[in-house]
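A short write-up of the structure that comes next.
Starting from 1, each residue takes its place in the sequence as its number. Heavy-atom basis, side chains included; hydrogens, waters and symmetry copies ignored.
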Amino acid sequence: MGVCHCCLKETDQDFCRACSKALFGVTRFHATLDYSAPQLAFAANGEVKRISISGAQTKFSVRVENKKLVDTDCCGTHILKPTLQSIYENCEDAPANEHVTMLMARKIFKIPTALSALLYFSNGEPVYVTKRFDVVDSGEHAGEHLCQSDFAQIAGLVPEKDGDDYKYRSLSYERIAELIRENVSAADVAVEIFFRTLLFNYLVCNGDAHAKNFSLRNTHENLEVYNLTPAYDLLNTALHIPNEPSRMALDLFKDEGDFQTKFYADNGFYGVPDFMEFARRTRVVEKRAERFIRQTVDAVPAMEEMLDRSFLSESGKEKYKSSIRDRAKALCL
């Protein structure tokens, strides 16, 4: 008996029926693709196909056709992300890392996330697949794209004006929370979700949660109303970049150059006082913020159990567990 390549529950197929239907629209889907990454990257005439490269990782646009994922330059419904470049440590673990991290966020922390799974190319290499949430998959608007803007776009940031590292340097998480309140009608709910996502990213050592990895989108029902998109690009970057210079991709506070909590001044990293100060500034109810922090720390045993069932290598599982235990200690000091 194996486990579902999406939810990690026991199944005698590659996917349980529910996950196969939710991800691919069919009740039976195979986890092994008919092609390799190089075959996907090059057309039959030898020309390089159009692919998207974001940060360190190549991305391929695909769609479901005859119960299989086929590459496409337009109308893509899913995104494939192969392993990281070999310059990163544990590069083969990257797809399984992102898959289990996204799953933990959705199942354990109840954070809305993009649906995802772990697949394999024909040569056995792992590949992460995620279903696009900006494409309507049913109803009268099926196939149409929703309007989505990340917070670098919302803030008007561009590399020509703000530098090549604009997505890391030009915004703080506090400023993103302000932009949520300026653009989302149900702002209290959205800021709470954002706060919980930051806690999760801190716990799982996601050092790449930059301004372009948070977005808003509208709906066809009301084109003027925007909400947070499901979370995406969640992974433990410490598995691939040991000794990262910062524990978070962005500053927590917009005035961090002039302000530090006593905890941060004494320890050099964020702890409960910092997140409670963030909650106060962003108007998250204090008692709810305290409960979210407590739930985050208490979730470690459930996370370790899910890691044991994941497709990570044995060394990857142990490194992941060690890193979240370290962050949980930081939140308990």
Side-chain angles (χ1 to χ4, degrees), residues 5 31 33 35-42 48-49 51-62 78-105 113-114 116-130 150 152 159 163-169 197 200-214 231-250 269 303-304 306-308 310-327:
H5 283 61
L33 302 171
Y35 42 80
S36 65
Q39 289 172 322
L40 193 61
F42 292 92
V48 178
K49 294 181 182 177
I51 56 178
S52 170
I53 299 179
S54 176
Q57 204 162 12
T58 302
K59 297 180 182 180
F60 298 101
S61 177
V62 294
H78 294 69
I79 295 170
L80 293 180
K81 298 170 70 173
T83 59
L84 284 170
Q85 300 171 25
S86 59
I87 60 172
Y88 295 95
E89 293 194 11
N90 309 303
C91 56
E92 290 292 326
D93 262 341
N97 177 358
E98 188 163 358
H99 167 241
V100 73
T101 305
M102 293 282 286
L103 187 62
M104 289 190 293
T113 67
S116 64
L118 186 82
L119 303 178
Y120 297 94
F121 285 120
S122 58
N123 62 359
E125 291 182 1
V127 56
Y128 172 81
V129 61
T130 183
D150 63 56
D164 291 338
D165 60 349
Y166 69 102
K167 61 185 180 181
Y168 295 99
R169 301 296 179 187
T197 305
F200 176 78
N201 278 329
Y202 188 70
L203 182 64
V204 300
C205 306
N206 182 6
D208 201 41
H210 51 69
K212 292 186 73 63
N213 278 345
F214 299 94
Y232 56 94
D233 288 0
L234 305 177
L235 76 164
N236 184 326
T237 55
L239 265 63
H240 311 297
I241 310 174
N243 304 313
E244 285 185 290
S246 175
R247 292 198 170 201
M248 300 187 82
L250 307 179
F269 54 83
M303 297 170 73
E304 293 188 347
M306 186 173 285
L307 285 166
D308 283 334
S310 76
F311 295 98
L312 284 167
S313 66
E314 291 304 313
S315 62
K317 292 174 183 178
E318 292 308 311
K319 289 176 181 177
Y320 203 126
K321 291 178 186 178
S322 177
S323 66
I324 61 176
R325 289 170 191 155
D326 176 72
R327 291 295 176 90

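We find the CD1-CZ distance between I324 and R327 to be 11.0 Å, quoted to the nearest 0.5 Å. Between atom CD of residue E89 and atom CG of residue L239 there is a gap of 9.5 Å, rounded to the nearest 0.5 Å. To the nearest 0.5 angstrom, S116 atom OG is 9.0 Å from L234 atom CG. Taking CE of M248 as the start and CG of N201 as the end, the distance is 6.5 Å to the nearest 0.5 Å. To the nearest 0.5 Å, atoms CG (L103) and CG (L118) are separated by 11.5 Å.
For the pair H78 (side chain) and V62 (backbone), a donor-acceptor distance under 3.5 Å is absent. Between the T130 side chain and the L80 main chain, no donor and acceptor come within less than 3.5 Å of each other.
By the 4.5 Å heavy-atom criterion applied to side chains, L312 and V100 are counted as neighbours. Residues D150 and N213 fail the side-chain proximity criterion, which asks for heavy atoms closer than 4.5 Å. Contact annotation: the side chain of E125 never approaches that of P82 to less than 4.5 Å [non-hydrogen atoms, C-beta and beyond]. F214 has its side chain within reach of T197: a pair of non-hydrogen atoms, C-beta onward, lies under 4.5 Å apart. In this structure the side chain of V204 reaches within 4.5 angstrom of the side chain of M303, judged on heavy atoms. Counting heavy atoms from C-beta outward, K319 and N90 have side chains that approach closer than 4.5 Å.
Here the shortest heavy-atom pairing between T83 and E92 reads CG2-OE1, 3.6 Å. S36 approaches F121 most closely through the heavy-atom pair C-CD2, 3.7 Å. Closest heavy-atom contact between P126 and Y120: CA-CD2, 3.8 Å. Closest approach of A249 to D208, counting heavy atoms only: CB-C, 4.0 Å. Across all their heavy atoms, Q85 and C91 have their closest contact at O-CB, 3.5 Å. The two residues L235 and E98 have their closest heavy-atom pair at CB-CA, 4.0 Å.
Salt bridge D233/K81: present, at least one basic N to carboxylate O contact under 4.0 Å. By the 4.0 Å N-to-carboxylate-O rule, E304 lies too far from K317 to be salt-bridged with it. Note on D326 versus K321: no salt bridge recorded, every NZ/NE/NH1/NH2 to OD/OE distance being 4.0 Å or above.
If you look at H99 and Y128, their ring centroids are not closer than 6.0 Å.
Among T101, N97, N236, the one residue that satisfies the side chain to side chain donor-acceptor pair (under 3.5 Å) test with Y320 is T101.
Under 3.5 Å, the side chains of D93 and S313 contain a donor-acceptor pair of N or O atoms.
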Quiz item: side-chain contact (heavy atoms from CB on, under 4.5 Å) between I79 and F60: does it pass, once the steps are laid out?
Solution: CA-CA 6 Å; I79 295 170; F60 298 101; over 6 Å; no

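Heavy atoms of other residues, nucleotides or ligands lying less than 6.0 angstrom from CZ of R247 number more than 12. Within 6.0 Å of atom CG in D165, more than 12 heavy atoms from other residues, nucleotides or ligands are found, so the atom counts as buried in its surroundings.
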